[in-house]
Structure formats: C-alpha cells, structure tokens
Amino acid sequence: MTNRCLYHAAFKEFLSSGTLEVLGTLHDHFHGEAQTTTGEAWKREIQLLQQVLTPWTDEAGEIIFEYDIPRLGKRIDVVLLLRGIIFCLEFKVGQKNALQADVEQVMDYALDLKNFHRFSHDRIIVPILIPTDYKRSTTDFIPSVYDDAVYNPLITGAEGLQSMLTKVLHHAHATASVTIDNWIISPYTPTPTIIEAARTLYENHSVEDITRHEADEVSTDATINYLLQIIDRSKRSGQKSICFVTGVPGAGKTLVGLDVAIKQTYKEDNCSKEDGAVFLSGNGPLVAVLTEALARDNYKKNTEKGKRLSDSRREVSEFIQIIHRYRDNMLAKIKNPVENGIVEIDPQKAVKLESAGYGEVEHVAIFDEAQRSWTHKRIADYLKRGGTYGNKLKVPNFPFSEAEFLIWSLDRREDWAVIICLVGGGQEINTGEAGITAWIEALNHRFKHWHVYISNQLTEPEYAEGKVNELLRENGKVTFSDSLHLAVSLRSFRAERLSSFVHALLSFNAEAADLYKDVAAKGYPIVLTRDMDKARAWLRSKARGSQQTGVLVSKVAARFKPLAVNILAQGDENAVHWFLEDKTDVRSSNYLEDAATEIQVQGLELDFACVLWDADMRYIDGHWEFFKFNGKNKWTPVPDTPNGQEEKKYMLNAYRVLLTRARQGIVICVPKGNSRLTPEGFPEDPTRLPAFYDGTYAYLKSLGIEEI
C-alpha cells in the first residue's frame, strides 16, 4: 500500500470486496481519527461506485481513494484509471447543488495532476464534481481550450455518474487496450506557492514532499540539511555562526527558512523549544498573509477541539514574527540613553539566565530578505523620533545599523547562537535598506568571533555591488559553500530561466531576446499590450480553478486611475484580503480592480499577473530614465545625486520584483497615454503623453515579446 492514498485496487478486486472491508481499509490507513461524517461519506461513495463500475468489471481499471495532493494539502476523493483516461471524482455527499468553489476544487486537482504528476502529463484528465443529490448532468464534453487534454469540469448527481463515464469514454474514443502502468507511484514534482508551502510545512511535512524534487536541479534539501548541520555544530561547539543563503527570485529562500524554523522548533527531541528558531521578516504583508493563512488552516482542523481562531494566530506567531517587534523587544532591555556609542543591557530591565545570558529564548534567528535591513541612518532617525510600528521608545544617538543590532542581540547569548540570513539579489526596494554590506561590515568590525558561512554566489554584482570578497578578505572565519545558493526557480515550474530573462531585460543584456524565446518555448507566456481591458481579458482567459490573478504596479506609479486601476491601500490587513479571499469577495486580487505594489507582493506570488508599466521608469535612447510624480501636474526626473542614484536602484528593483511574481505567465501593459489635444491645441493630459510610454513599449516589442 502506497502512503499516497488510503485505498488502491483493481476494479475486479474492489467490486468483489464487501463495503465494510473497503471501509475498514480506509480507516486503517487514515492518519488520526476520522470524523463520523467522513466515515459515512466514504461508505456512501463505496456503495455507489460498486454499482457504477460494474460494466467494467473485467477491464484493467484501477480505483484509488483519497489520493494525496501535497501541494494543495488535500486529497482527491477518488481517482479512476480507465482505458487510459484519468477521472478525478470529487463527491459532495447529500448535497443538492453544484457550488462554484466545489467546481474550482475538482479543477484544481486535475490541473495539479497535469502539471506535476509525471505519468499524467500526456493523459486525458476528466474532473467530475458529484453532488450526490443533484438531479442534472453536464451534457457537453469539452476538452480544454488550452489544448492540454484536461476536460472542463463535468457535474452530475449520483444517478447520472455511470452514464457520464460511458459518454466520456465514447467521446474520447477510449479503448480497453490502453492502460496506465505504475500511475500510483509516479514521480510527483510540485512547485507550491509560498502560502501552500507554509501550510503544508506547518502540518509537519518536509520540503521534499511539497517542492519540485529533481536531484540534478533543485537544491533546497541540500541547503536545509547544511543549515541544520551548522546549527548542530554550533550547539555542540558553543559557537556563534551566521549563514547567508542566496537564490534567484522564486528559488525558495523563504521556504527554506520556514522549513528550518519548523524543523528546529518542532523536532521530536526538542520538548522545551529552548533550542527552537524564530522566522523573522521585515515584510509586513508577507508575515500577515502567512500568519493568517496558517491560522485559518489550523483553526479549521481544530474547531472540534474548541480552539479559537485567536488561539491559532497566537500559536503561529510563536515562530513567524515581524522583525521590528523582535528588535524592539531587545531595545526595551538596553541602557537608555546610549552613551559613548556603547549599547549595553540594563540589568534593571532584564534577567540574566544561567546559560543564555541576556539573550532571548531562541538560539536560532532566521531573517528573511536580510538585504532589506535598515541602514544606521534610518534606524537612528526612527529611534530618535520614537519610531512608528507602535514603538514609542526613544533612543537618541543609536550607534548601530539594524543588522549590527540584530547580531548584537543574538550575541547576548553566552552559550551559542545561529543567524540565518536569506538574501535576494537586487531586491532592495525601499529607501534606507542597507543591502548585505551592513551585515558583513558588522561582522568584520564588531563580531569577529562569529563564524561566517556564505554562498559563493554572494560575489555576484547583485550583492553588495560585487564587493563581498573584498569585504571579507581580512575575515579569517569565512567558509564558502555551494550549498548556500539556490539556483533554480521553484516559482515558475514552466520557465526556469524567467529570472535570467528579467535580469537581461532590465540590464539591456544582448541575450534578452534569446532568453525570451527560451522562456516562451517552455510554455510560460509573457505577452505585451497597450490596453488594460485586453490585459484583464487575457488574465481571465488564463486562470482556471482557483488559480489567482492580479494587477501589479510600482509604488512610484501615479497615473493609473484613467485605466480604472486603484492602488491597494496600505495596511497588512488589505494584503491579507487581496491574497487570501476567493473569487466571491471583491477584495480579492482576482477582481483586477486593486493593484498591489512591490512592497505588498515581495515574497508572495500569483499564478498570472499584469504588470502595469507607468511613466516612472522609461526607456530613452538605450537606457532607463527615472521620474517621480509631483502629485499635481508633472513628472520630475530623479537627480543624479548620490541619494538619487540610490533611489534609481530601488525603482529598477521594483520592476525586477513585479516581473518575477507570476508562476504561470504575465502580461505587461504599457499604456498608450493620452494623445488628445484641447480646442486650444494643448495636451489634454500632460501627465500621460504618449512619449512617456512609447520608448518602453518599443523596447519590449524589440525583444520579440508577443503582443495581444
């Protein structure tokens, strides 16, 4: 018996077995205690299928109950393998109506098999929703317009199921001579969204259960194991260690960090969680969306135990936290004001523990998007005025960068500590983000006793302007390792080279056109339009089941209202609704009304996205020109001052983030602008002149990007 399902048998064996015998097998293989309603539903399904499948008793068909879909964290009620066709059956026992969410659910199962289940790639897949008391049946059998052999979802009640199977077999010209060998043990290579992955990890799966797992390409497992070994070595040796993990956009850095946090915190021999880990991020929307997604999932699974949603949120918050709150917890313990540039713990504000010293409980802190830690100036200014984020603590003359203070905080431990920095190249998108340089400078000047484990890819230009080797030259505690770089994008299972194409597009690399062809050839569509209505229609035509769409703009974008686009309001709660609500809620991204910025989507992802390219970044004479809107009537060039150069870097990185958010395809909309004149001969809208957009459109078109 495979652990991917609860029951698997040939038709003949299933039809000759008693109902209670099959039911007993399902209960025996179910992990945990099945609810009474689950057992009753299984019994009804068994009885129904033993009647329905009778005409095919002597054929080489197979039936599979509760087939596991790790990426979605769910199981398919029943899979039938008959005459080379894969039927996905989703039962709603006792239900009279077909609900949209149920149709999307069974479609999701079919698409998951088509995309990630190797022995299903080239097969016809037929999703069927069965509300058992439904009195009608779908009469049109329509293969998908996407030419991928996945039928549009069919709907029937229990009475019409046998007839429907017969008609589909006839429609597909299926013959008894065709079988599917070893389907049940096919390699399964999914690529989860970060929300799906976090949910599944939280249910005590491992990364290898939920990600693409091809040893010659994907290195997430090797990276996780390397990090866990460093944690173990640091504990046994009583040393302080810091690790830098790099990766291309979508390579799974956040996923790796979450997995290490969960493994380290919830491992079997860690009853007290004293050796646990905390996952920290300065990305408020990411933390809010992940926390709420995990809490909702945990709450649904534990409602019968009397757990409240607030209890689930609190439990999740134990290991996923906003970095500012973690940092402010340590700030509350220091002597204030800071004198002579020396930060010290105030014994009147903290308890010194026997082994931990003044350190916090966690031995291991994982910093997601570590390149976004604040510069000394930004955090000093923040603390001088008493902060925001609910922190009213004023600390004048603060001497550290945020990176330096975070290392200092873990260094208060007197036994051992490990910091894991997850680093995205070219991902700094906010003024005051220090990049990786601040971490390295802190290690070189103040924390020379820390052991440094670093990806050999940190020498690339995207990281510290390529000066990492130079910065670390005099540090004698550095170990370089290939295991700390994730080179393959997991986000886009259709186009491993998407991030390379985006980098080439933004840097005017001569290979951009060839990279575009390669990405398109792998089935990842990147298309171009000048019409937002066409962009929306394209997104709606692509998304199936519960696949998510959304519109993205840079935070500097300003002239989007004429295109009927609204910017998603600030506040993490808005990001939660945008990402997590379904197609029945107008706050959902799928309504294509509210556009999210790079601040709200960094670290998260959609299936299909529209990147609305405004006049803030324009292609002019072979290079990018950058502009900011004055809020009234004109765009102003970003100056070539040191601060202006830094701002340009953030604006370029914003588009790097936006162009790498979609897992399955993007449409880039470069508006036409407004070419109309007033009766007096002046531009009707001087803030949206066609010249602001035409150069960018022509450049993208020159790369061969298909226009819709």
Side-chain angles (χ1 to χ4, degrees), residues 1-14 25-26 29 31 49 53 56 59-90 105-128 143-144 146-151 165 168-169 172 174-193 196-197 200 205-218 220-221 488 490 492-494 496 522-523 544-545 663-664:
M1 169 64 63
T2 174
N3 60 6
R4 290 190 185 174
C5 68
L6 302 188
Y7 178 89
H8 172 218
F11 279 9
K12 185 179 287 289
E13 178 186 346
F14 170 68
T25 301
L26 288 168
H29 292 125
H31 179 68
L49 287 168
L53 298 178
W56 301 282
E59 292 194 21
E62 298 176 54
I63 185 169
I64 300 150
F65 277 85
E66 301 291 337
Y67 185 74
D68 193 23
I69 299 287
R71 188 185 74 94
L72 299 177
K74 298 178 181 179
R75 295 177 182 270
I76 306 177
D77 282 349
V78 176
V79 175
L80 301 179
L81 307 179
L82 179 60
R83 298 187 181 182
I85 295 178
I86 301 163
F87 293 91
C88 298
L89 309 185
E90 177 63 23
Q105 180 182 359
V106 72
M107 189 62 180
D108 285 344
Y109 292 158
L111 293 173
D112 197 272
L113 293 178
K114 170 59 63 173
N115 291 323
F116 308 123
H117 190 277
R118 186 168 298 174
F119 292 171
S120 299
H121 288 341
D122 301 321
R123 299 289 181 175
I124 293 173
I125 302 177
V126 183
I128 304 178
S144 164
Y146 301 91
D147 195 29
D148 58 5
V150 178
Y151 273 54
L165 294 177
V168 171
L169 292 172
T175 63
S177 61
V178 180
T179 58
I180 307 176
D181 297 327
N182 296 319
W183 187 91
I184 194 71
I185 58 172
S186 164
Y188 181 76
T189 55
T191 59
T193 69
E196 292 165 346
T200 311
H205 288 71
S206 66
V207 168
E208 63 191 44
D209 290 329
I210 60 174
T211 62
R212 282 192 63 164
H213 192 61
E214 299 168 8
D216 58 334
E217 291 185 351
V218 177
T220 49
D221 292 351
V488 178
L490 299 178
S492 170
F493 59 86
R494 298 193 189 282
E496 307 295 4
K522 287 183 168 66
R544 293 185 287 172
R663 294 155 46 80
Q664 299 197 49

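Along the sequence shown, residues carry numbers from 1.
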Nearest heavy-atom approach of P127 to M107 is CG-SD, 4.1 Å
side-chain contact (heavy atoms from CB on, under 4.5 Å) partners for E62, two or more places apart: H8, L81
Donor-acceptor check, side chain of K114 to backbone of R123, threshold 3.5 angstrom: yes or no? yes
Yes or no on side-chain contact (heavy atoms from CB on, under 4.5 Å) for I85 and I124, after CA distance, side-chain angles and deciding distance? CA-CA 5 Å; I85 295 178; I124 293 173; 4.2 Å; yes
Quick one: do V126 and L165 satisfy side-chain contact (heavy atoms from CB on, under 4.5 Å)? Show the steps, please. CA-CA 10 Å; V126 183; L165 294 177; over 6 Å; no
Contact between W56 and L80 at the side-chain level, heavy atoms closer than 4.5 Å - yes or no? no
Looking at L169, I63, L53, which one forms a side chain to side chain contact (heavy atoms under 4.5 Å, CB included) with L82? L169
How long is the gap from CD1 on I64 to CZ on R75, to the nearest 0.5 Å? 12.5 Å
Going by the rule ring-ring contact (aromatic ring centres under 6.0 Å, His included), which residues pair with W183 if we only count those two or more places apart in sequence or in a different chain? Y67, H117
Work out which heavy atom in L113 is nearest to a heavy atom in H121; give both atom names and the distance. O-ND1, 4.3 Å
Run I86 and V79 through side-chain contact (heavy atoms from CB on, under 4.5 Å) and show every step you take. CA-CA 7 Å; I86 301 163; V79 175; 4.0 Å; yes
Output all residues satisfying salt bridge (Lys or Arg N to Asp or Glu O under 4.0 Å) with E66, sequence neighbours left out; order by chain, then residue number. none
I need the minimum non-hydrogen distance between E59 and F11, along with the two atoms involved. O-CB, 4.4 Å
Nearest atoms (heavy-atom pairs only) where S186 meets F119: OG-N, 3.0 Å
Which heavy atom in S120 sits nearest to a heavy atom in I125, and how many Å separate them? O-CD1, 3.9 Å
